[in-house]
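Take a look at the structure below.
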Amino acid sequence: MKRFAALLAVALFGCVALSAQQFDITPAPAMVEVEDADGRVTMFDASREFKLYIAVECEDHERLTDAAYATGLDLKVVKKSAKRDYLNIVIDPSVEHGEGYILECAEGGINIKAATAAGVYYGLQSLRQLVEAHPNREWLKCRIEDYPRFEYRGVLIDISRHFRSVDFLKRQIDMMARMKMNRLHLHLTDAAGWRLEIESYPRLTSYAAWRTPHDWKGWWYGDRKFVEEGTEGASGGYLTKAEARELVAYAADRYITIIPEIEMPGHSDEVLAAYPELKCTHAPERQGDLCIGKEATFEMMQKILDEVIEIFPSEYIHIGGDEAGKGDWKLCEDCQRRMHEEGLESVDELQSYMIHRMEEYLNARGRQIIGWDEILEGGLAPNATVMSWRGEEGGLMAAEAGHKVVMSPHGYCYIDAPQDAPYSQPESIGGYLPLEKVYSYDPAPATMSEEVSKYILGVQANLWAEFIVEDSHYEHMLWPRAIAIAEIGWSQPKEKEFAHFRSRAVGIVDRMIEEGYSPFDLKNEIGNRPESLEDVEHLALGKSVTYLEPSRYYAPKYAAAWDATLTDGKRGTWTYADERWQGFLGRGGVDVIIDMGEVTDIHSISADFMQICGPGVFMPCLVEIAVSEDGETYTKIADIEYEVVLDELPSFKSFGWEGSTKARYIRYKAHRSKYTGFLFVDEIVVR
Ligand code: ACM
Ligand code: ZN
């Protein structure tokens, strides 16, 4: 069947290049040819034994031999190139693109050529996928020329919120490598725990790596305290230097660089818990920002970085830079003195002062800094690379100024958001982020000028772990969405096609499950909110809506289609950030009047609300509906009370009335509950 399907595909395409999308290789390769010189398409038999010949230098020789065995082919190592039944691996500097490769499955055997060992490794990953996709060991003879679109194809794994073992990290590295990803950004430090042994500051791991509530949520909403290592019931952990080195080597064997992130100056609550003398003020409250006024802060961070760069050979060291509160700096004598002495006019400039110093320190040791896009505020350090997360604006600004950029905008790359109908998914952060939305991202679309796009290094998926306690849950969030990031980072835009990608991803997920991974099982995907898939027809469609005080103040960020939103026929998706749901914050609830234009027979009126407690989105506690023929005298037709309960999972609910009435004007009023936050409503449907 496979054979006929493949031949049929060729017959349909009827040309030299088969759609690379259809060749069971992920990320989709740049070019696949299946015709021989005479224009014939024939099958390749991979069921025989191959003589493996690797013409590559020593260190890489072993790595590539291992990767060749991992293809699943029947191999026998030989000392020189054979005439038939060969798997020849050759470094050939004439192959374009450092990480590119040429893979030929032809009459006499298989050739893999690349300019670098990494390129060969990627050729072997493609070969492995062909073997895995064809259990009968038969596929089309082919010539694949492939190379990545971007040099940076990354994943962030957060081991601060919940510590994860070396074995767990190795398993993710294995999968990343199979998807030709090449950067693992390890989020090693954050408020919830410090996760790397530092000899000069031992309390970072003897204290700030341990807490008694095992789960982040229990800790965060509890006392947020740490305990001494060895305390009964203590949970947490850290990578010893030996473990971190082992991990670095394991990743390097798979052509993946680990980029360590040491957060500063914000997200540093755990550092200050261990070394409170670096707090800005002596106030007992928890503080999260390192004091930039005290020279001891610089001594500490520099000593830490000395130890970090000794473990991690990565050119890039991530210094964080995001979400500093900056408030304590305004109250701190030391910070104020520093600002005065250095002529810094704002706390943004104070943060920038610290990042500049860190850059100088690392540059002098042959390393480069990368930081979250907040490092633009107050002035970007001269050689810094920016990781753009709050959107793409920061990245674009940096690129325009000639800085390198890694794109990881939260709307596409924050895979801590739910990937399917939120009620079917574990508690998570943010809106609905299905595979298709991740896949739709392009870090350098055709509309971007070449001047800017040349600074876009690549793309990264970020998986924060606040709500992710179990390893299996972490894998569920990571895969298959990280595969979409891999394809965005590797494949050429002309080869991006979601339907094909999805069917390949289903196959990969099945294989991962067989291998004992716990990815999200794409086959069971529910998909987007059914109500949102088509515009809804109803009597109030396009009718004018008057917002009564104080509901005139829907939040501009969630204005959706402004005053047209509630009668535009567009129902909301699973996320309130879709410009379909309208969000009301502050005192007022929703209080609107729809003018039907003329007295109309009406049999039902309803509107949907959503609740997602994490970001503070709640159901109304009361909905009142009233109607009027003249716009002066209203008759109340419904009073719907609702008890708002704080659930972990998001929910969606209609508040409406059914009956029979005649009216021109409809007043729909939803009252907010005692919980402070948003009310979100998408459409008032009148029938
Ligand atoms: C971030 O999500 N604060 C980088
Ligand atoms: Zn200070």
Side-chain angles (χ1 to χ4, degrees), residues 154-158 160-161 185-192 216 259 261-269 271-272 275-283 285 287-301 318-342 344 346-351 353-355 357 370-377 385-395 398 405-417 428-431 433 459-468 477 614-615:
V155 166
L156 173 148
I157 295 186
D158 168 9
S160 170
R161 273 49 180 253
H185 171 172
L186 263 192
H187 190 68
L188 289 163
T189 74
D190 211 308
W216 176 87
I259 299 179
E261 180 180 358
I262 303 296
E263 276 270 21
M264 66 186 85
H267 282 269
S268 296
D269 315 48
V271 178
L272 297 173
Y275 294 94
E277 59 273 26
L278 297 183
K279 284 160 97 171
C280 272
T281 68
H282 296 296
E285 292 85 47
Q287 292 173 27
D289 297 343
L290 301 174
C291 176
I292 302 182
K294 297 182 185 40
E295 205 45 33
T297 300
F298 290 86
E299 274 164 36
M300 178 181 198
M301 285 299 134
H318 203 300
I319 47 73
D322 59 319
E323 297 185 307
K326 302 179 183 174
D328 293 325
W329 301 339
K330 294 180 185 159
L331 308 173
C332 168
E333 279 174 20
D334 295 324
C335 284
Q336 290 301 311
R337 191 184 53 249
R338 175 84 75 192
M339 286 175 67
H340 180 72
E341 281 170 10
E342 299 291 336
L344 307 171
S346 65
V347 283
D348 286 346
E349 289 186 14
L350 183 61
Q351 157 148 334
Y353 165 84
M354 176 166 196
I355 303 295
R357 274 186 67 175
I370 186 164
W372 300 110
D373 55 67
E374 287 93 331
I375 65 171
L376 282 149
E377 293 162 6
T385 294
V386 169
M387 192 166 267
S388 194
W389 74 277
R390 290 179 296 178
E392 295 177 276
E393 298 74 20
V405 172
V406 176
M407 287 293 192
S408 59
H410 66 86
Y412 297 92
C413 299
Y414 269 43
I415 57 173
D416 49 346
S428 49
I429 300 183
L433 183 56
V459 61
Q460 178 169 288
N462 294 341
L463 182 46
W464 308 102
E466 281 88 342
F467 294 103
I468 309 179
M477 303 299 278

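In each ligand, atom 1 is the first atom listed, and ligand 1 is the first ligand listed. For reference, positions follow the sequence shown, starting with 1. Side chains are part of it too, since the values below use all heavy atoms of this structure and drop only hydrogens, waters and symmetry mates.
- Of all non-hydrogen atoms in A465 and D158, the two that sit nearest each other are N-OD2, 2.8 Å.
- Within 4.0 Å of ligand 1, the residues that place a heavy atom are D322, E323, W372, W389, Y414, W464, listed by chain and number.
- Rounding to the nearest 0.5 Å gives a distance of 11.0 Å between NE2 of H318 and CE of M264.
- Excluding waters, the protein N/O/S atoms found under 2.8 Å from the Zn ion (ligand 2) are C280 SG, C291 SG, C332 SG, C335 SG.
- The heavy-atom pair separating C280 from C335 by the smallest distance is SG-SG, 3.6 Å.
- Cation-pi check for R338 over Y353 is not met; the charged atom does not lie both under 6.0 angstrom from the ring centroid and within 45 degrees of its normal.
- Remark: the W372 side chain and the E261 side chain contain an N/O donor-acceptor pair separated by less than 3.5 Å.
- For the side-chain contact (heavy atoms from CB on, under 4.5 Å) with T297, the lone residue among I292, D334, L278 that qualifies is L278.
- Counting heavy atoms from C-beta outward, N462 and C413 have side chains that stay 4.5 Å or more apart.
- With E323 contributing its side chain and H267 its backbone, the two residues share no donor-acceptor pair below 3.5 Å.
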Apply side-chain contact (heavy atoms from CB on, under 4.5 Å) to R390 and E374, showing your working. CA-CA 9 Å; R390 290 179 296 178; E374 287 93 331; 3.6 Å; yes

